[in-house]
Amino acid sequence: MSRARTARTALTARTTRTALVLLAGPVVLAGLALTGCDQAKERAGEIVSSATGAVASAAEEKMNEVKDGVNAAGDVKAGPTSTDGDRTVAEVTATNPRDKSADYTVRVDFRDDQGNLLDTVVVNVGGVAPGASKTATARSNRTLSGATKAEIAQALRH
């Protein structure tokens, strides 16, 4: 093979490798970017889940602070959710079946359509007269997206 032909073959091979690298580069970068997005989404989900767990733990601690409380889940109902500004809210109604005034401490869980815990709050309904009902508003700690439902996780009468 002549020197000129060998040089042309080497040049063609280098050009082809360079073209492949230039073409493959964006594909690899796009793949890395997609992987990065997936990882970012996964990490964001982990952070939200961790924060929700921390809020639920704090709510449980708050409920444990109630002295001489008795289970009163049957006395308390959560209404439908709505939005107030950037927060999700639900009206909580406590009905006192006893013959003396009572206070209620209520843990309200906000859940999505699949039943996943999105947020939890503790509300107090104070001074509910005997045989009467009184309401309070449960307000999410953060913005919740999608359809949400409020449910009474725990209620204590004291």
Side-chain angles (χ1 to χ4, degrees), residues 19-158:
L20 287 173
V21 167
L22 290 174
L23 288 173
V27 171
V28 169
L29 288 175
L32 288 174
L34 287 176
T35 301
C37 287
D38 290 343
Q39 288 173 347
K41 284 181 186 176
E42 184 177 310
R43 182 66 184 132
E46 290 171 4
I47 290 168
V48 169
S49 180
S50 177
T52 302
V55 168
S57 179
E60 187 173 328
E61 286 179 29
K62 188 76 172 166
M63 295 300 291
N64 289 336
E65 291 175 6
V66 175
K67 301 295 180 215
D68 301 322
V70 295
N71 181 3
D75 298 355
V76 182
K77 305 286 183 239
T81 59
S82 61
T83 55
D84 181 16
D86 65 342
R87 305 304 170 132
T88 300
V89 296
E91 192 171 89
V92 175
T93 304
T95 303
N96 183 2
R98 302 295 182 191
D99 58 359
K100 65 178 184 173
S101 184
D103 297 324
Y104 290 82
T105 301
V106 184
R107 179 177 155 196
V108 181
D109 288 348
F110 290 98
R111 295 188 179 274
D112 66 13
D113 285 342
Q114 286 76 44
N116 298 311
L117 180 64
L118 301 174
D119 200 3
T120 188
V121 297
V122 174
V123 296
N124 292 304
V125 185
V128 183
S133 295
K134 194 170 181 181
T135 61
T137 301
R139 182 180 195 78
S140 67
N141 294 300
R142 59 187 178 83
T143 302
L144 305 179
S145 60
T148 57
K149 179 181 177 183
E151 60 184 42
I152 304 302
Q154 185 179 8
L156 298 173
R157 182 178 54 246
H158 49 97

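Here, residue 1 is the first one in the sequence, and each next residue gets the next number.
Heavy-atom minimum distance, R157 versus Y104: CD-OH, 3.4 Å. In this structure, V123 and A138 approach most closely via the heavy-atom pair CG1-CA, 3.6 Å. Annotation for N141 and D119: closest pair N-OD2, 2.6 Å, computed over non-hydrogen atoms. Closest non-hydrogen pair, V125 versus A136, comes out as CG2-CB, 3.7 Å. Residues T93 and T135 share a closest heavy-atom pair of OG1-CG2, 3.2 Å. Here the closest non-hydrogen pair linking V121 and S140 is CG1-CA, 4.1 Å.
At least one donor-acceptor pair closer than 3.5 Å links the side chain of K134 to the backbone N or O of G126. A donor-acceptor pair under 3.5 Å links the side-chain atoms of R142 to the main chain of L118, judged by distance alone. T120 places a side-chain N or O within donor-acceptor distance of the main-chain N or O of V108, the cut-off being under 3.5 Å. Formation of a donor-acceptor pair under 3.5 Å by the D103 side chain with backbone atoms of G127 is found in this model.
If you check the side chains of T105 and N124, you find a donor sitting under 3.5 Å from an acceptor.
Taking CG of D109 as the reference point, atom CG of N116 lies at 12.0 Å (rounded to 0.5 Å). One distance of note links CZ of R107 with CD of E151; it measures 9.5 Å at 0.5 Å rounding. Interatomic distance, CD of E91 versus OG1 of T137, reported as 6.0 Å (0.5 Å rounding). Rounded to the nearest 0.5 angstrom, T148 OG1 and D112 CG are separated by 9.0 Å.
Side-chain contact check for T83 versus V89: every heavy-atom pair is 4.5 Å or farther apart. Contact check for D68 versus H158: no side-chain heavy atoms found under the 4.5 Å cut-off.
Environment of CG in D86: crowded, with over 12 heavy atoms of neighbouring residues, nucleotides or ligands closer than 6.0 Å.
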